[in-house]
Each structure stands twice: as C-alpha cells, then as structure tokens.
Amino acid sequence: EDIAVIALGSRKVYLNGRLEVMTPIETGIVRSFDPGPGHYTETAGALEMLETPALCAPVEFFRAAFGAKVSYLDAGDRARVEFPDGNCAIFHSNSLLVEYNGKFRSLRKPCTLLCGTFYVPVGEFCGDFMGKFVSEASDLMLISGHSAVLGRYTARILRGLLGGYVRPVK
C-alpha cells in the first residue's frame with residue numbers, strides 16, 4: 001500500500017505499518033500555519049482558501065514518505081526535492097511559488113522557513129501536483145495513492161503511534 005500519515009506536533013510519519021522520523025531536528029514537527037498579513041500583500045477576496053490554516057511538514061517528509069532526495073539552496077531559503085519518478089520541485093520560502101519540472105506554478109499556501117526547518121504545505125502539494133488523495137481528521141493528514149478517508153477513530157489510534165497533539169476547538 002501507499003499510505004503516509006502525519007500528525008500535528010509530531011516529527012514522525014506513519015508509512016504502511018511502520019514509523020519513520022522525518023527529520024533529526026527536535027523542533028522539526030508538523031505545524032499548522034495560519035496565513036497572516038506577512039504572507040499576502042492584499043486581501044484574498046473570493047479565494048478564501050488562502051485564508052485558512054494549513055498543516056505543513058518539514059520538507060524532509062518527501063524523503064521519508066516517497067524516497068525523494070532533498071537538498072537546500074540559497075542558505076536554506078529554497079529547497080529542492082527530486083522524486084524517484086524523475087519529477088523535481090524547488091520550493092521558495094515565504095512564497096507561493098514552486099518550480100515543478102522546470103515550470104513555475106503556484107501553491108495555495110506559502111512555504112515557510114522557521115528556525116532552520118523548511119515547511120511545505122504537503123497535503124496541498126501532494127494532492128495538486130502529485131495526484132495523491134488527501135484526507136484530514138483531528139489534526140492528522142493521510143496521503144495516499146488511492147481514494148481513502150481518514151476517520152476520527154482511526155485518527156485517534158494513529159495519534160497514539162505518532163504522538164503530537166490536537167488543537168482545541170474554538
């Protein structure tokens with residue numbers, strides 16, 4: 001199977017029945033970023049999806065989940081990810097811009113460089129660029145090559161394995 005699950009506040013990824021650490025950096029955990037005025041120069045208007053929070057994982061998620069080669073450019077302001085299938089993505093910090101297979105495209109949420117860890121909105125990228133199915137429940141994200149829905153009960157079981165935390169309901 002081809003399932004990867006990440007949890008808010010964890011640096012592990014669940015892969016087909018096993019756990020793998022995404023990054024050796026202790027602070028390199030999955031985070032939720034709320035877009036603010038620093039990321040956008042004008043109001044999003046009708047594109048409200050730009051204004052919603054996003055689960056972002058360290059760019060090393062792609063190495064752990066897909067066997068990709070990850071390297072940093074420009075002192076960490078850009079990250080290059082080379083996938084085993086030959087696809088290549090270059091992400092830019094504090095930007096919606098991604099260079100995918102030599103063509104410039106846009107993400108819906110920006111990548112962020114925070115305390116030496118480069119974060120990517122992995123669910124969005126995997127769904128929009130890689131054709132993966134993405135499902136979220138209780139601050140966990142499931143990414144799969146086939147249709148799959150993550151339920152709250154399953155999310156609770158996986159959280160026990162991955163660790164992390166759930167945001168309080170507002």
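Source: prediction; values computed, not measured.
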Evaluate the side chain to side chain contact (heavy atoms under 4.5 Å, CB included) criterion for residues Asp85 and Phe66: first the C-alpha distance (whole Å), next the side-chain angles of each, then the deciding distance (0.1 Å), finally the verdict. CA-CA 10 Å; Asp85 63 2; Phe66 304 113; over 6 Å; no
Would Leu158 and Leu150 count as a side chain to side chain contact (heavy atoms under 4.5 Å, CB included) if you check the C-alpha gap in whole Å, the side-chain angles of each, and the deciding distance to 0.1 Å? CA-CA 10 Å; Leu158 288 168; Leu150 180 62; 4.0 Å; yes
Residue pair Lys12, Leu161: steps toward the side chain to side chain contact (heavy atoms under 4.5 Å, CB included) verdict: CA-CA 9 Å; Lys12 299 175 191 167; Leu161 297 171; over 6 Å; no
Starting from the C-alpha separation in whole Å, work towards a yes-or-no answer on side chain to side chain contact (heavy atoms under 4.5 Å, CB included) for Leu107 and Phe125. CA-CA 7 Å; Leu107 295 166; Phe125 180 81; 4.1 Å; yes
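Atom CE of Met141 and atom CD of Glu124 lie 9.5 Å apart (nearest 0.5 Å). Note that the OG atom of Ser93 and the CZ atom of Phe118 stand 5.5 Å from one another [nearest 0.5 Å]. The OG1 atom of Thr117 sits 11.0 Å away from the CD atom of Glu26 when rounded to the nearest 0.5 Å. Between Leu8 atom CG and Asp139 atom CG the span is 4.5 Å, to the nearest 0.5 Å. Between the NZ atom in Lys69 and the SG atom in Cys88 there is a gap of 9.5 Å [rounded to 0.5 Å]. Interatomic distance, Ile6 CD1 to Ile29 CD1, rounded to the nearest 0.5 Å: 11.5 Å.
Cys56 has its side chain within reach of Pro121: a pair of non-hydrogen atoms, C-beta onward, lies under 4.5 Å apart. Using a 4.5 Å heavy-atom cutoff, the side chains of Tyr153 and Arg156 are in contact. Residues Asp74 and His92 fail the side-chain proximity criterion, which asks for heavy atoms closer than 4.5 Å. Between Ser32 and Arg167, some side-chain heavy-atom pair lies under the 4.5 Å cut-off. Between Lys109 and Phe33 there is no side-chain heavy-atom pair separated by less than 4.5 Å. Contact of the Tyr119 side chain with the Leu114 side chain is registered, since non-hydrogen atoms from C-beta on lie closer than 4.5 Å. Looking at Ile3 and Ser144, their side chains come closer than 4.5 Å, going by heavy atoms from C-beta outward. The shortest side-chain heavy-atom distance between Asp77 and Leu113 falls under the 4.5 Å cut-off.
Closest non-hydrogen pair, Arg159 versus Gly164, comes out as NH1-C, 3.9 Å. Smallest separation of non-hydrogen atoms from Ala64 and Leu15: O-CD1, 3.0 Å. Pairing each heavy atom of Ala65 with each of Ala4, the nearest pair is CB-CB, 4.1 Å. Ala155 and Leu140 make their closest contact through O-CD2, 3.6 Å (heavy atoms, listed as atom of the first residue, atom of the second, distance). The minimum heavy-atom distance linking Pro110 with Asn94 is given by the pair CB-C, 4.4 Å. For Cys111 against Val120, the heavy-atom pair with the smallest separation is SG-CG2, 4.1 Å.
Taking the six-membered ring where tryptophan is involved, the planes of Phe62 and Phe91 are essentially parallel, since the angle between them stays under 30° and well short of 60°.
In the hydrophobic cluster analysis, where Ile, Leu, Val, Met, Phe, Trp and Tyr join through side-chain heavy atoms closer than 4.5 angstrom, Met22 is grouped apart from Ile25. Under the 4.5 Å side-chain contact rule for hydrophobic residues, Tyr100 and Phe61 share a cluster. Phe83 and Tyr72 fall within a single hydrophobic cluster, where Ile, Leu, Val, Met, Phe, Trp and Tyr side chains are chained together by heavy-atom contacts under 4.5 Å. Hydrophobic clustering of Ile, Leu, Val, Met, Phe, Trp and Tyr side chains at less than 4.5 Å, counting indirect connections, keeps Leu73 apart from Val70.
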Scan the side chains in residues 126-134 for donor-acceptor partners under 3.5 Å anywhere in the protein, sequence neighbours excluded, and list what turns up.
from, atom 1, to, atom 2, distance (Å)
Asp128, OD1, Arg108, NH2, 3.2
Asp128, OD2, Arg108, NE, 3.2
Asp128, OD2, Arg108, NH2, 2.7

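For Arg80, the CZ atom counts as loosely surrounded, since its 6.0 Å shell holds 12 or fewer non-hydrogen atoms of other residues, nucleotides or ligands.
A salt bridge is absent between Glu60 and Arg11; no separation between the charged side-chain nitrogens and carboxylate oxygens falls under 4.0 Å.
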